[in-house]
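Okay, so here's the structure we're looking at.
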Amino acid sequence: MRVLVIGSGAREHALLLALRRDPEVEELAVAPGNAGTAIIADQYDVDITSGEAVVQLAQRIGSDLVVVGPEVPLVLGVADAVRSAGIACFGPTKDAARIEGSKSYAKDVMAAAGVRTATSEIVDNPANLDAALDRFGPAVGDPSWVVKDDGLAAGKGVVVTADRDAARAHAASLLDSGHPVLLESFLDGPEVSLFCVVDGETVVPLLPAQDFKRVGDGDTGPNTGGMGAYAPLPWLPGGVVTAIVDDIVKPVAAELVQRGNGFSGLLYAGLALTSRGPAVVEFNCRFGDPETQAVLALLETPLGQLLYAAATGKLAEQPRLVWRGGASVTVVLAAENYPGRPRVGDVITGSEADGVLHAGTTRRDDGAIVSSGGRVLSVVGTADDLSAARDAAYALMKSIRLPGSHFRGDIGLAAAQGRVSV
């Protein structure tokens, strides 16, 4: 099998490494990739938002399967173009990808499917903002206002704050940019990320994970695209994953089929385990970053065969997934000033070790690897338990040097110490 992976982040690096372990995968290609993926796959410089360009590349290199990693090409319909060309594609159609591309659409789907989520309101007129803020947050007894960009924002369009001025400023800036604002009620309880491979109404869950969105230790500072994750969740009661699949993911998948927008690909449910049970924070239409790095490190089932089955309508025929024991921890190394405008162009040392996954990197003509984005690298540690996996990840992080870089020191710490509970 020849597989083409679309994307350039640590998620795509993790996908390629997992695909390489599949005995049926003979050739790997990636577009556009980064300095790390270039070592394990043929690399091509292609506009991944252009369905025509991706199709031409897939045809030229004889791809049997195209795996679209990022959300933007999916929301723009790249998977539709690939399928129309007769090539198997892992990734939802443009219409199905609206589950991530439009939060208001996702809310409508969840309401129709009877799925618990935060109460919400769309604000698209600045004149209505103040009255809407009065219906949410501390104004009605919630600890914080939750203000979101209704569209794609790479994980950075959300502000959760008890400061009304800060909530209003974020909402106003989105409205000024022409983006509708979603106000939500606050969901209490620990959060869970559950990836599900979906083929119509067939749903196969992967291991649950937990990610860390805030930039600083102790969940301080602004939201990011994700600063780390761990899997599985030692504090998660037995049966919760099954309940999430049966009560949330399957009804949403069935509703999408009912609407003629059947989902084929990776449906990511971000959930809060509230005092009243699981509730959806968000749905994504693709593998999440950084959870993918942690989850796939523990997968023993051949990934290429699994994704190909979903892409060709045969997911229901696949055997039960097999996982290695133990735990996995991913820690993200970010460039100076991230999540603001990052400093780039600095030389990185120690980045070619096993367990280091590249994201914002490129290789100069002189062979040096330099930073080229905000989230530069992820390191992955695996071990028999969560504490040992944390130790492995942070020991690896200590061997990497990037001027001005930063990372969180508490990924998975509370869970390892038994301080997370439902």
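Side-chain atoms are counted along with the backbone in the values below, which use heavy atoms only and exclude waters and symmetry mates.
- Gln305 and Asp22 share a donor-acceptor pair across their side chains, judged by distance under 3.5 Å alone.
- With 3.5 Å as the limit, one finds no donor-acceptor pair spanning the side chains of Thr93 and Asp95.
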Would Arg324 and Glu300 satisfy salt bridge (charged side-chain N to carboxylate O under 4.0 Å, His left out), going step by step from the backbone distance to the final call? CA-CA 6 Å; Arg324 61 165 286 183; Glu300 292 190 347; 5.7 Å; no
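- Side-chain atoms of Arg390 do not come within 3.5 Å of backbone N or O of Ala416 as any donor-acceptor pair.
- Atom CG of Asp176 has more than 12 heavy atoms from other residues, nucleotides or ligands within 6.0 Å.
- More than 12 heavy atoms of other residues, nucleotides or ligands shown are found within 6.0 angstrom of CZ on Phe195.
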Show the numbers, then the answer: is there a salt bridge (charged side-chain N to carboxylate O under 4.0 Å, His left out) between Glu26 and Arg2? CA-CA 6 Å; Glu26 300 168 330; Arg2 298 179 177 89; 5.4 Å; no
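- A 6.0 Å sphere centred on CG of Asp354 holds no more than 12 heavy atoms belonging to other residues, nucleotides or ligands.
- Judged by distance alone, the side chain of Arg116 and the main-chain N or O of Pro278 form a donor-acceptor pair under 3.5 Å.
- In summary, the side chains of Gln293 and Ser378 do present a donor paired with an acceptor at a separation below 3.5 Å, with no hydrogens or angles considered.
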Test side-chain contact (heavy atoms from CB on, under 4.5 Å) applied to Val115 and Val252, step by step: CA-CA 8 Å; Val115 167; Val252 165; 3.9 Å; yes
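- Remark: the Tyr230 side chain and the Glu291 side chain contain no N/O donor-acceptor pair separated by less than 3.5 Å.
- Heavy atoms of other residues, nucleotides or ligands lying less than 6.0 angstrom from CD of Glu52 number 12 at most.
- Judged purely by distance below 3.5 Å, without hydrogens or angles, the side chains of Asn34 and His358 never pair a donor atom with an acceptor atom.
- Side chain of Asp219 to main chain of Arg214: no donor-acceptor pair is present (N/O by atom type, distance under 3.5 Å, no hydrogens or angles).
- Between Arg363 and Glu352, at least one side-chain N (NZ, or NE/NH1/NH2) sits under 4.0 Å from a carboxylate O, which counts as a salt bridge.
- A side-chain donor-acceptor contact under 3.5 Å links Thr361 to the backbone of Ala35.
- Taking the centre and axis of the six-membered ring of Tyr105, the NZ or CZ atom of Arg98 falls inside the cone set by 45° and 6.0 Å.
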Does Val204 form a side-chain contact (heavy atoms from CB on, under 4.5 Å) with Leu321? I'd like the steps, not just the answer. CA-CA 8 Å; Val204 176; Leu321 299 187; 3.7 Å; yes
Apply side chain to side chain donor-acceptor pair (under 3.5 Å) to residues Asp163 and Thr161 and explain how you reach the verdict. CA-CA 5 Å; Asp163 184 336; Thr161 179; 5.3 Å; no
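- No donor-acceptor pair closer than 3.5 Å links the side chain of Trp235 to the backbone N or O of Gly418.
- Between Lys213 and Thr224, the side chains place no donor N or O within less than 3.5 Å of an acceptor N or O (distance only, hydrogens not considered).
- There is a side-chain donor-acceptor pair under 3.5 Å between Thr37 and Gln43.
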